[in-house]
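Here is the structure we will look at, set down as C-alpha cells.
Start at 1 and go down the list; that is how both ligands and their atoms are numbered. Residue numbers count from 1 along this sequence.
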Amino acid sequence: MHYQPTYESVSRHPLPAWFDNAKFGIFIHWGLYSVPGWAPLAGELSETLATGDWAKWFANNPYAEWYMNSMRIEGSPTQRYHQQTYGADFRYFDFVEEFNAAAQQWNPDAWAELFQRVHARYAVLTTKHHDGFLLWPSQTPNPYLANYHARRNLVSEFVNAIRRRGLKAGLYYSGGLDWTFNDTVIQHIADIPKAVPQTSDYVNYANAHWYELIDRYETMILWNDIAYPAAANLNELFAYYYNKLPEGVVNNRFTQRFQLGADGNIAADNFYDFETPEYSSFSEIRAKKWETCRGIGASFGYNRNEGPEHHISVENLIRLLVDIVSKNGNLLLNVGPMADGTIPELQRERLLGLGEWLDVNGEAIFDTKPWIVADGSTDDGVAVRFTCKETNLFATLLDTPKSHVFEIKGLRCTDGTVIQLLGSSAPLEWHATDAGIVVTLREKLPAAPAHALRITPIPTYRA
Ligand code: GLC
C-alpha cells in the first residue's frame with residue numbers, strides 16, 4: 001500500500017501483527033536527570049488522576065525525569081535538594097558532563113540480554129525528554145546550547161544491541177515539551193499547552209529529528225510524548241513513515257491540542273495505531289489497540305529515594321500484565337537506569353520475577369487475542385482473565401484457589417475437552433456444572449501469583 005499525506009490515507013494503516021502480538025515491551029528513561037536521580041516520594045500518578053490535584057503533583061513531582069521543571073518551582077523539595085546537593089549556581093545543564101562521563105560505562109548488550117531473557121519483545125528509548133537533551137549527536141543540533149547531546153551515540157548503539165537480540169527497537173521523543181525552546185515552568189496541568197513550543201523553528205527542529213530517527217535508526221515505533229506543535233504536518237510525517245516502514249506504529253500522543261483524559265489517556269485528533277494510558281489500564285476489552293506505560297516504581301527516571309516498598313511487587317506485575325493482555329493491551333514497563341547505564345537491582349529483580357513466570361506461562365500471553373469476555377472468577381472469588389489462541393482458551397487465575405477443587409464460572413465445555421496447567425502436560429480432571437466447570441486436582445495448587453490453564457477446544461461462554 002502506498003500512503004498519501006492525508007488523514008484518509010494514513011488512517012488505512014493496519015495494526016502490524018508484531019505489535020499486537022508482542023504484549024510486553026521495555027521503556028527506558030535515561031538522560032541528564034539520571035545523574036541527580038532524585039524525586040520526592042509522592043505516590044503514583046493514578047492517585048492524582050483520581051484527585052485532580054495537579055498543583056500538588058507538579059510541586060512534589062515523583063517523576064525524576066521532570067527534575068529540571070521541579071527544581072524551578074519555588075520551595076519545592078527538588079529545589080531544596082538541588083541547592084543542598086549541588087549549590088544554587090549549579091545549572092541543570094551542568095549535568096551534561098557527568099552524564100557523558102558516566103555513559104562511557106554503559107553496556108548496551110547487557111540491557112538487550114536482560115530484556116530478551118525476561119521475554120520482552122520490544123524496547124523503547126527516550127531519545128529526547130522534556131529537558132531537550134539529545135541522546136544522539138543529531139544532524140540538527142540544539143540551537144541554544146552547544147554540545148547539548150550525548151557524546152556516545154546512545155540511540156544508534158541501543159537500536160543495534162536490541163535488534164541483535166531479536167527484539168524490535170522503538171524510539172520516544174518529547175515533541176510537546178522542550179524546555180530549551182520554551183522554559184515555562186509547569187505548575188499545573190493548564191500550563192502544559194502554554195509550554196508547547198509553537199515557533200516555526202521548533203516545528204522544523206522536531207520534524208527534522210523524527211525524520212532522522214526514521215531514516216537513520218529505522219525506529220519501529222514513533223513514541224511521541226505530550227503533544228506536537230500545531231503547525232506541523234503530521235499526515236506528511238506518518239505517510240513518509242509508513243511508506244518507508246509499513247510495519248511501524250505511531251502512538252496517540254501527537255495531539256496538536258493537548259488534552260488529558262481522566263483515565264490518564266491523551267486525547268488525539270490525528271491518526272494513531274494505539275492509545276497510551278499512563279499508570280492506568282482500561283477495564284474492558286477495547287477494539288483499538290492500547291499500551292499501558294508505567295515505571296516499576298512511581299517514576300520513569302531513576303529515583304534513588306525509592307525503596308522496595310515503592311516498587312510494584314512481582315505478584316502485582318504479573319497480574320497487571322495478564323489483566324492488560326486480556327483487554328487487548330500491551331504493557332510497556334519502564335526501567336530507569338542510573339547515569340552509567342546500570343539498571344538498579346530492585347528494578348532488575350522485578351523484571352526477572354516477571355520473566356520467570358513467563359518462562360512457564362508465556363503461552364497464555366504472547367500471540368494471543370482477547371476472548372469474548374476478559375474477566376471471570378472462581379467459586380471462591382479468585383479473579384480469572386481469559387485470552388485465546390488457535391483452538392485454545394487460556395484461563396489465568398490471579399491467585400491460588402483455597403481448595404484443590406474449584407469452579408470456573410461461565411465456561412461451557414464439550415465432552416473430550418482437555419484442560420492442562422501450563423508447565424505440566426497431565427490433563428486435569430473436570431466436570432460440567434450449571435455455572436461452568438469444576439476442576440479437581442490431586443492436591444492444592446502451590447502458592448503462586450497466577451496459574452494459567454489451557455482449555456482445548458475453546459469453550460462457549462454463558463453469562
Ligand atoms: C509523561 C511524562 C513523562 C514520561 C511519560 C511516559 O507524560 O511527562 O515524564 O516520559 O509521559 O509515558
Query raised in the report: Purely on distance, is any nitrogen or oxygen of Glu65 under 3.5 Å from one on ligand 1?
Result: yes
Query raised in the report: Taking all non-hydrogen atoms of both residues, which atom of Gly132 and which atom of Thr180 are closest, and how far apart?
Result: CA-CG2, 4.4 Å
**Report entry** Minimum heavy-atom distance Ile28-Ala123, with the two atoms named
**Finding:** CD1-CB, 4.2 Å
Query raised in the report: Which value, rounded to the nearest 0.5 Å, describes the distance between Asn61 atom CG and Trp57 atom CH2?
Result: 5.5 Å
Query raised in the report: Which of these, Asn61, Leu45, Asp225, Asn251, has its nearest heavy atom closest to atom 5 (C) of ligand 1?
Result: Asp225
Report summary line: Tyr172 heavy atoms within 4.0 Å reach ligand 1 at atoms 10 (O)
Query raised in the report: Between OG1 of Thr368 and CG of Asn21, what distance do you get to the nearest 0.5 Å?
Result: 8.0 Å
Report task. Report yes or no: does a heavy atom of Tyr279 sit under 4.0 Å from some atom of ligand 1? Result -> no
Query - Closest heavy-atom pair and its distance - Pro246, Pro16 - result: O-CG, 4.4 Å
Report task. State, to 0.1 Å, how close Thr184 and Asn69 come at their nearest heavy-atom pair, and which atoms those are. Result -> O-OD1, 4.1 Å
Query - Distance-only N or O hit between ligand 1 and His129, under 3.5 Å - result: yes
**Report entry** Atom indices of ligand 1 within 4.0 angstrom of Cys293 heavy atoms, with elements
**Finding:** 12 (O)
**Report entry** Asp20: side-chain hydrogen bond (donor to acceptor under 3.5 Å, both in side chains) partners, not counting sequence neighbours
**Finding:** Lys289, Lys369
Report task. Find all atoms of ligand 1 within a distance of less than 4.0 Å from any non-hydrogen atom belonging to Phe27, and give their numbers and elements. Result -> 6 (C), 12 (O)
Requested in this report: Report the residue from Tyr205, Tyr217, Tyr173 that forms a ring pair (Phe, Tyr, Trp, His ring centres under 6.0 Å) with Trp210.
Outcome: Tyr173
Query - Residues that Ser313 engages under side-chain hydrogen bond (donor to acceptor under 3.5 Å, both in side chains), provided they are two or more places apart - result: Asn316
**Report entry** Proximal atoms of ligand 1 relative to Trp66 (non-hydrogen, under 4.0 Å)
**Finding:** 2 (C), 3 (C), 8 (O), 9 (O)
Requested in this report: Check each heavy atom of Thr126 against ligand 1 and say whether those closer than 4.0 Å belong to the side chain, the backbone, both or neither.
Outcome: neither
Query raised in the report: Which ligand 1 atoms are under 4.0 Å away from a heavy-atom of His130?
Result: 2 (C), 3 (C), 8 (O), 9 (O)
Query raised in the report: At under 4.0 Å between heavy atoms, which part of Arg294 makes contact with ligand 1: side chain, backbone, both or neither?
Result: neither
Query raised in the report: At a non-hydrogen distance cut-off of under 4.0 Å, which region of Tyr33 contacts ligand 1 (side chain, backbone, both, or neither)?
Result: neither
Query - Numbering as shown, the atoms of ligand 1 that approach Tyr63 to under 4.0 Å (heavy-atom distance) - result: 2 (C), 9 (O)
